[in-house]
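For reference, the structure is listed below as structure tokens.
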2 protein chains.
Amino acid sequence: MDAKEILKQHIAKTAALTDEQFDYVFSHFKPRSYKKGQVVISEGSRVDHEYFVVSGCLKAFFVNDEIKMYILQFAMPTWWSSDYGALYNQTQATINIDCITDAEVLCLSNDDREKICSELHPVEHFFRWRTNRGYLASQKRLLSFMNNDTRARYEELLALYPQLYNLVPKHLIAAYLGVSRETLSRLYNTHK
Amino acid sequence: MDAKEILKQHIAKTAALTDEQFDYVFSHFKPRSYKKGQVVISEGSRVDHEYFVVSGCLKAFFVNDEIKMYILQFAMPTWWSSDYGALYNQTQATINIDCITDAEVLCLSNDDREKICSELHPVEHFFRWRTNRGYLASQKRLLSFMNNDTRARYEELLALYPQLYNLVPKHLIAAYLGVSRETLSRLYNTHK
DNA sequence: GGCGTTACGTGATGTAAATCACTTTCGAAA
DNA sequence: TTTCGAAAGTGATTTACATCACGTAACGCC
């Protein structure tokens, strides 16, 4: 299935667009390929686009004092990623995004998103729902952070994304869970 | 300023509505008053509405094993609050909302929100932006949770809502920060 | 007013996880 | 294949915070 079809089916779950409408919407997306390790957004830079992942896996992360890294999101196929704070407010990026694996994405500029949202009501509807899902996921993760200990969060993560365990290095999983790599290592070796 | 005017100005920041359009939108909101301590949403119940706070302060919280409480949000005037997971998915509430002080709110049902969103494109636009702001705030809080220690988060909270310190009991602030009330007490008494 | 409930302060103790230091394994490039 | 750097495992030590235990102050309420 090609990028266009993947995006089409993704949007169709939330908004009913005619083929002509979708073609018009799609014309605002720019396909792009990245190699493993390539940087998509780096802290301090200007942010113009958001990214729809077609294949591969990105990570969005924050680096504190150039020492500790915290992963905000692993972006898998059909996920969207960007520094939305910087994108919406037209400020410098405060987070980084790069590629854990080779990846194909579809790029949509902030201006084009606002343009197609204002031109087509169903597109605005789609983006409202997409944002809403992101909000709910973020709330859930926050709650999990407060409520669960590290082991529970680790198991929750693997239950949610079984692929992740083999796909990404363990120190990145630790950075997502917000614990040191040593603690994570001890956690799943002291099994049970 | 009355409830209607407060909502009008709140929406006007994001979406341009004519007076007639706003009157129509407003006709879907039901004003309601609550007393301090009154329950708005309780875990396990059905959730039909979201709430726009006109005056007073609500708290949205989760209770773990009927022991520990975690506060997801203090809802101040012009904030929106609900169990959005339950509201959007039509499932039982997993969180609670009650009133820290006497409060006036405007209630909007899930059905009515979807109705006015589909009828008026600018309203859909407004709700997309409102959700987006919530998403960004949630991401920011998550990052703060991972990155900052308790003292830094405490100072961040007070910088963001100076009123809160005198308005809400300290054990609720502790529940927001995700620490025990004892730790919070020691934190701000061991000043500096 | 007295009385009970809830909020808040503070010491003693236990514990999960950070940190530091070192070793081992793995994977890619020469 | 050898080599080198990154990733991962592991022990010792430190630390921030939870928990337990108790005391005091503040407030609704009959």
Side-chain angles (χ1 to χ4, degrees), chain A residues 35-39 57 59 61-71 74 96 98-102 143-158 164-192, chain B residues 35-39 57 59 61-71 74 96 98-102 143-158 164-192:
Chain A
K35 286 286 169 195
K36 177 178 175 176
Q38 239 188 306
V39 172
C57 182
K59 68 173 194 280
F61 61 103
F62 174 78
V63 178
N64 160 287
D65 304 327
E66 311 199 345
I67 296 183
K68 287 195 212 161
M69 177 178 73
Y70 300 99
I71 293 184
F74 290 116
N96 306 271
D98 66 19
C99 300
I100 295 178
T101 67
D102 289 359
L143 202 51
S144 173
F145 235 90
M146 294 199 284
N147 190 30
N148 300 129
D149 63 13
T150 304
R151 153 155 281 133
R153 291 209 312 285
Y154 169 68
E155 280 160 6
E156 191 175 60
L157 178 64
L158 289 194
L164 224 56
Y165 185 83
N166 296 314
L167 189 64
V168 316
K170 311 250 176 303
H171 73 271
L172 293 185
I173 294 183
Y176 183 91
L177 295 174
V179 293
S180 68
R181 53 173 202 79
E182 293 95 329
T183 296
L184 181 64
S185 170
R186 280 185 257 264
L187 255 186
Y188 60 73
N189 287 327
T190 317
H191 43 281
K192 162 94 256 79
Chain B
K35 287 287 171 195
K36 176 177 175 175
Q38 239 188 306
V39 172
C57 182
K59 68 172 193 282
F61 60 104
F62 174 78
V63 178
N64 161 287
D65 303 327
E66 311 199 344
I67 297 183
K68 286 193 211 162
M69 177 179 72
Y70 299 99
I71 293 183
F74 291 116
N96 307 272
D98 67 18
C99 300
I100 295 177
T101 66
D102 289 358
L143 200 53
S144 172
F145 235 90
M146 294 199 284
N147 189 30
N148 300 129
D149 64 12
T150 304
R151 152 155 280 133
R153 292 208 312 284
Y154 170 68
E155 280 160 5
E156 192 175 59
L157 177 65
L158 289 194
L164 224 56
Y165 185 83
N166 296 314
L167 188 63
V168 317
K170 312 252 177 300
H171 72 271
L172 294 184
I173 294 184
Y176 182 91
L177 296 174
V179 294
S180 68
R181 52 172 204 83
E182 293 96 330
T183 296
L184 181 64
S185 171
R186 281 184 256 264
L187 256 186
Y188 60 74
N189 288 328
T190 317
H191 43 283
K192 164 93 275 88

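By convention in this document, chain letters (A, B, ...) are assigned in the order of the sequence lines, proteins followed by strands, and residues within each chain are numbered from 1.
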| query | Rounded to the nearest 0.5 Å, how far apart are CG of B:L187 and CG of B:D149? | reply | 8.0 Å

| task | Look at B:E155 together with B:R151 and state whether they make a salt bridge at an N to O cut-off of under 4.0 Å. | result | yes

| query | Can you find a heavy atom in the side chain of A:L172 that is under 4.5 Å from one in the side chain of A:K59? | reply | yes

| task | Working to the nearest 0.5 Å, report the span between OH of A:Y188 and OG1 of A:T150. | result | 14.0 Å

| field | Set of residues satisfying side chain to side chain contact (heavy atoms under 4.5 Å, CB included) with respect to A:S185, sequence neighbours excluded | value | A:N189

| query | Of all heavy-atom pairs between A:L164 and A:L157, which one has the smallest distance, and what is that distance? | reply | CD2-CD1, 4.0 Å

| Quiz item: cation-pi between A:K170 and A:Y165, 6.0 Å / 45° | yes

| message | One character per nucleotide, please: for nucleotides 15-30 of chain D, 5' to 3', B when the base has a protein heavy atom closer than 4.0 Å, S when only the sugar-phosphate does, - otherwise. | response | --SSBBB---------

| query | Where does the chain B footprint on DNA chain C start and end, counting 5' to 3' with a 4.0 Å heavy-atom cut-off? | reply | C:dA7 to C:dA12

| task | Please list residues of residues 165-175 of chain A whose heavy atoms come under 4.0 Å from any atom in DNA chain C, ordered by number; otherwise none. | result | none

| Going by an N to O cut-off under 4.0 Å, is there a salt bridge joining B:D102 and B:K36? | no

| Under 4.0 Å between a side-chain N or O of A:Y188 and OP1 or OP2 of D:dA8? | no

| message | Can you confirm whether B:F62 sits close enough to A:N147 that some side-chain heavy atom of one is under 4.5 Å from a side-chain heavy atom of the other? | response | yes

| query | So, for B:Y176 and B:F74, is the gap between ring centers shorter than 6.0 Å? | reply | yes

| task | Please name all residues satisfying side chain to side chain contact (heavy atoms under 4.5 Å, CB included) with A:N148, sequence neighbours left out, ordered by chain then number. | result | A:S144, A:A152, A:R153, A:E156

| task | Have a look at the helix from C:dG1-D:dC30 to C:dA30-D:dT1 and give the angle its two end axes make, five pairs each, rounded to 10 degrees. | result | 40°

| Any side-chain heavy-atom pair from A:L184 and A:H171 closer than 4.5 angstrom? | no

